[in-house]
Amino acid sequence: MVTRRTRDGLLELVDWLQEEYGPVPEEERAAAQAELREIDAEHDRHPRASPSPG
């Protein structure tokens with residue numbers, strides 16, 4: 001789960017990168033979103049293991 005603080009930090013990073021390098025082309029943005037969907041699907045197929053009792 002992404003916290004609000006983490007999300008805000010990522011948004012700041014994106015803003016800075018776009019100021020430095022310009023906006024992300026739509027083709028690259030779509031490719032990145034597709035890759036993130038694949039990663040999410042992989043995580044859904046492999047749930048996190050429960051920690052072993054200490």
Side-chain angles (χ1 to χ4, degrees):
M1 181 170 156
V2 175
T3 65
R4 181 173 294 234
R5 181 176 175 191
T6 301
R7 182 178 176 273
D8 290 348
L10 289 172
L11 290 173
E12 280 185 43
L13 176 60
V14 168
D15 288 344
W16 179 82
L17 288 170
Q18 287 185 350
E19 286 177 17
E20 291 292 315
Y21 301 103
V24 176
E26 186 56 39
E27 184 177 293
E28 289 181 26
R29 182 182 306 270
Q33 289 172 340
E35 187 172 341
L36 287 172
R37 284 191 299 273
E38 289 177 25
I39 292 169
D40 286 342
E42 183 68 21
H43 282 245
D44 289 344
R45 287 190 293 271
H46 301 285
R48 292 173 50 165
S50 299
S52 59

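In this text, all values refer to a predicted model and were calculated from it rather than measured experimentally.
Linking Ile, Leu, Val, Met, Phe, Trp and Tyr whenever their side-chain heavy atoms come within less than 4.5 Å leaves W16 and L11 in two separate clusters.
Between the CD atom of E20 and the CG atom of D15 there is a distance of 12.0 Å, given to the nearest 0.5 Å.
The heavy-atom pair separating V24 from R29 by the smallest distance is CG1-N, 3.8 Å.
Sorted by first then second residue, the side-chain hydrogen bond (donor to acceptor under 3.5 Å, both in side chains) pairs that include residues 4-13, not counting sequence neighbours, are T3-T6.
Atom CD of E27 is surrounded by 12 or fewer heavy atoms from other residues, nucleotides or ligands within 6.0 Å.
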